[in-house]
Amino acid sequence: MKNLQVAKILNEIADILEMQNVEFKPRAYRKAARTVESLSEPIEEVYQEKRLKELSGVGESIATKIAEVVETGTSQYLEKLKKQIPVDVEALTSIEGMGPKSVKKLYEKLKIKTLDDLVRAARQREIREIKGFGPKTEKKILEHLELARRGTERILLGFALPIAEEIKEQLRKRGAVNQVEITGSLRRMKETIGDIDILVSSIKPEKTADFFVGMEDVRDVLAKGITKCSVILKSSIRVDLRIVEAKSFGSALMYFTGSKDHNIKLRKIAMTKSYKLNEYGLFKKDEQIAGETEEKVYGKLGMDWIPPELRENQDEIEVAKKHKLPKLIEYDAIKGDLQVHTKWMDGQNNIEQIAKAAKALGYSYICITDHYSKMVIAGGLNDHQIKKEIEEIEKTNKKLEGIEILKGAEVDIDQDGALQAKKSILKDLDIVIASVHSYFNQPKKKMTKRLVSAMESGYVNILGHPTGRKIRTRKSNPIDMNDLFEASKRTGTYLEINAFPERLDLNDFHARAAKEAGCRLVINTDAHNIEHLKFMRLGVAVARRGWAEQKDVINTLALKGLMKLIKS
DNA sequence: GCCGTTTTCGGCCCGACTGTTTTCAGTCG
C-alpha cells in the first residue's frame, strides 16, 4: 500500500505552495491527500485500473502526479518546489502549532531548514526576536519536540475505543454534562484513528473544561476554552473535547463526527438551499431551523439520517437523498461466534469457560475452532487430539443449557491449496474454517488459485481472514478478489470478517465489494481468551462500513437456520 | 487545481484558540 506515501507527498506539495502564498491549490492538494489517505484499497490498484480521476478531489493534474509517485516513489514537481524552498516542511510542521507560514518566516529570517535548526534557534532565544513570535512559541517548540520526532502513528480502533469509553464514562459521572458522545473517526469506527474526539453538552462549561484537563491520565494540556479543549494523555493519545449547548448537540455531533469531506458536501447542499450549516445548527438567515438532533438536520437537508460508519463521502449522501440507504446490521444482531480457540491449542480458556462467556454475551451458539493439522509438526492438534476435543465438546454440551457448542476447526491451506487435514475428521465437524498461515509471497495467480482450490474441496465452510493482512505490519496477500467472490458464491464458502483488532480482514472496502458481488459474510473474533470475544463489535463495524445488512451476515441466523445453510 | 440540480468559468466550509498583538494572522479540526 503506497497510500500513505502518496498522501504524504501531496500534503508536502500543499505545504510548500502555501508557503509561496499560492491560493486555492494547497486546498486542492490537501483534499486529494485526504481522499487517498482514507482510501481502503491500494492506490496502486486504482492507478492500474485507471480509476484515479474517479477519486474525489483528484483531477487531471493530481492524477498524473499520483501515477508518478506510484511508479517512481517520488514527484518531480515536489522536487522542483523543494529546490525553491529547501526546508524539511514535513518535519517542521509536525510540531503542534507550526504551519507553513511560520516555517517560511523562520526560513527567511533565521535560515531554519530542519528540526535541529529549529531547536537550536529556540534554545538560543532567537525565535522570540522575530515579529509575530515570542517566548511562548519557543517554549512550545521545545515542549512538543519529542512528540513531533516520534511521529503521529495512528492507533488501532480496538485499542482506542475502550479508552474513549472510559473518558466518556468519567465525563458522564463527574463532568457536569447533560449529553456526552464519542465523535470523530472513532464514531465512524475507522480501523485506525488519529485522536479521540468527545462532544458534550453542558450547563457549566467552565466546570466541564476544568474537569477534563484535570483528569488523572492527562499529561499535557494543548488548549483550554469553554467550547474546546485539547489534551495529550500519558499514553501519548490526543483527546479533543468540544462543549456545546443542548440545542446544538445534533449539528455539533455531525460536525465533529465528519468525515471532513462528508461535512463539506453537506455544507454545500445547505448553501444551495440558502441555509448555513455549522456546528451550532442549520440556519435560515439567523434563525436556527435544526440542530438539536442529527435526524432533523439531515431531514431539513432533504435526506435520511446517515449512520456514522457510512459518512466517508463515497455515495452515501446521494443514496440518502433517494431514501435508499441499507438497513445496516445492528451491533447486537450476532447470534454466535464461529472462530474461537481454546486451551487445547494456543488459547487461554477451556471449552466450558468459553461457552459460559458466550452465553453471557447473549449468544445462542459458539464454534470451537482450534488449529487442526494432520502434520504433527505444523503446530495444530493432531488427529487423536481433535477427536478427544470433540468428545469434550459433546460432554460439555450435555452439561450446559442455553448455548450450543459447535464442533469446528481451523485448518491450514498449504502452498498448493490442499487442506492439511484428514477428510474423515472434517466430515465429523459442524464447521470448517480454512485459512492461509504461510507462503504469503506467492504471485497473485498462484495465491488466488490456492484459495479457490481450498474452497472447492467440498469441506470448507468459511475462508478465514481472507487477505491475511495485519494493520500496519503485514500487507494483504495478492489475491484477485473478483475470482475469490465468484468462488465464494459458487462453492457456498462464506468469507470471514475477522474482528481481531489488527486483522479486520476482510476490511470495509472488500466487505462492500463482496456484498455487492452477492457474497455472504461471517463475522468472527478469532478469540484466544474470553476477553477477546468482545472484539465482535469491531467486526460488525467493518461490516457496517461495508454497507452490509443483517441478511448479508450468516451468524445473525438462529442456530437452526445457520446449520441448514451450512449443510446445504 | 478541482468541480458542477446556479456546469466548462468562477468560485472554493467555517469557527475556536493561541500568541502575538492592540485588532489579527496562523493553525487546527
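In what follows, chains carry the letters A, B, and so on, assigned in the order in which the sequence lines appear, proteins first and then strands, with residues in each chain numbered from 1. Note that these values count all heavy atoms, side chains included, but never hydrogens, waters or copies made by symmetry. Quantities reported herein were computed from a predicted structural model and do not represent experimental measurements.
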Can you find a donor-acceptor pair, distance only, under 3.5 Å between A/Tyr255 side chain and B/dG29 base? yes
Is there a side-chain contact between A/Ser230 and the phosphate of B/dC17, meaning an N or O under 4.0 Å from OP1 or OP2? no
Would you kindly say whether A/Asp508 and A/Ser40 are connected by a side-chain donor-acceptor distance under 3.5 Å? yes
Can you identify which nucleotide, out of B/dC14, B/dG26, B/dA16, has its nearest atom closest to the A/Arg267 side chain? B/dC14
What nucleotide among B/dC17, B/dG1, B/dC13 has an atom nearest to a side-chain atom of A/Ile62? B/dG1
Please determine whether a side-chain nitrogen or oxygen atom of A/Arg238 lies at a distance below 4.0 Å from atom OP1 or OP2 of B/dG29. yes
If you pin A/Lys136 and A/Ile95 to their nearest nucleotides in DNA chain B, which one's is more 5'? A/Lys136
What's the closest nucleotide to the A/Glu96 side chain, out of B/dC13, B/dG1, B/dC28? B/dC28
Rounded to whole angstrom, note down the C1' distance from B/dT20 over to B/dA25. 9 Å
Taking atom C1' in both B/dT22 and B/dT18, what distance in whole Å separates the two? 15 Å
Checking A/Lys324, A/Lys321, A/His323 against A/Asp304 for side chain to side chain donor-acceptor pair (under 3.5 Å), the one that qualifies is A/His323
Do you see a donor-acceptor pair shorter than 3.5 Å between the side chains of A/Lys65 and A/Ser61? yes
Looking at the side chain of A/Thr137, which of B/dT20, B/dT27, B/dG29 is the nearest nucleotide? B/dT20
Between A/Glu169 and A/Arg172, is there a side-chain N and carboxylate O pair less than 4.0 Å apart? yes
Please pick, from B/dG15, B/dT27, B/dT18, the nucleotide with the shortest atom-to-atom distance to any side-chain atom of A/Lys101. B/dT27
Are OP1 or OP2 of B/dC13 and a side-chain N or O of A/Lys31 less than 4.0 angstrom apart? no
SB check A/Glu516 A/Arg512 (cutoff 4.0 Å): yes
In whole angstrom, give me the gap between the C1' atoms of B/dG26 and B/dT21. 13 Å
For atom C1', what is the distance between B/dG15 and B/dG10, given to the nearest Å? 25 Å
For the C1' atoms, the ones on B/dT8 and on B/dC13, what distance do you get once it is rounded to whole angstrom? 23 Å
Between B/dT20, B/dC13, B/dG26, which nucleotide gets closest to the side-chain atoms of A/Met271? B/dC13
Can you tell which of B/dC17, B/dC12, B/dT6 lies closest to the side chain of A/Arg27? B/dC12
Does a side-chain N or O of A/Lys65 approach OP1 or OP2 of B/dG1 to a distance below 4.0 Å, or not? yes
Please report the distance separating the C1' of B/dC2 from the corresponding atom of B/dT7, rounded so that it comes out in whole Å. 13 Å
Looking only at the side chain of A/Pro135 (C-beta and beyond, no hydrogens), which of the listed nucleotides B/dG29, B/dT20, B/dT27 gets closest? B/dT20
Candidate nucleotides B/dT6, B/dT20, B/dC13, ranked by approach to the side chain of A/Thr272 - the nearest: B/dT6
Is there a side-chain contact between A/Thr227 and the phosphate of B/dG15, meaning an N or O under 4.0 Å from OP1 or OP2? no
Report the residue (A/Pro100 or A/Lys268) whose heavy-atom-nearest nucleotide on DNA chain B is the more 5′ of the two. A/Lys268
Taking only the side-chain nitrogens and oxygens of A/Tyr77, find out if one of them lies under 4.0 Å from OP1 or OP2 of B/dG1. no
Verify the contact: side-chain N or O of A/Ser61 to OP1 or OP2 of B/dG1, cut-off strictly under 4.0 Å; return yes or no. yes
What distance, rounded to whole Å, do you find between the two P atoms, one in B/dC17 and one in B/dG11? 32 Å
Can you see if the side chain of A/Asn278 gets near the phosphate of B/dG15 - specifically, an N or O under 4.0 Å from OP1 or OP2? yes
Residue A/Ala223, side-chain atoms from C-beta onward, closest of B/dC13, B/dC2, B/dC17: B/dC17
Does A/Asp15 pair with A/Arg30 as a salt bridge, N-O distance under 4.0 Å? yes
Does a side-chain N or O from A/Lys228 land closer than 4.0 Å to OP1 or OP2 of B/dA16, or not? no
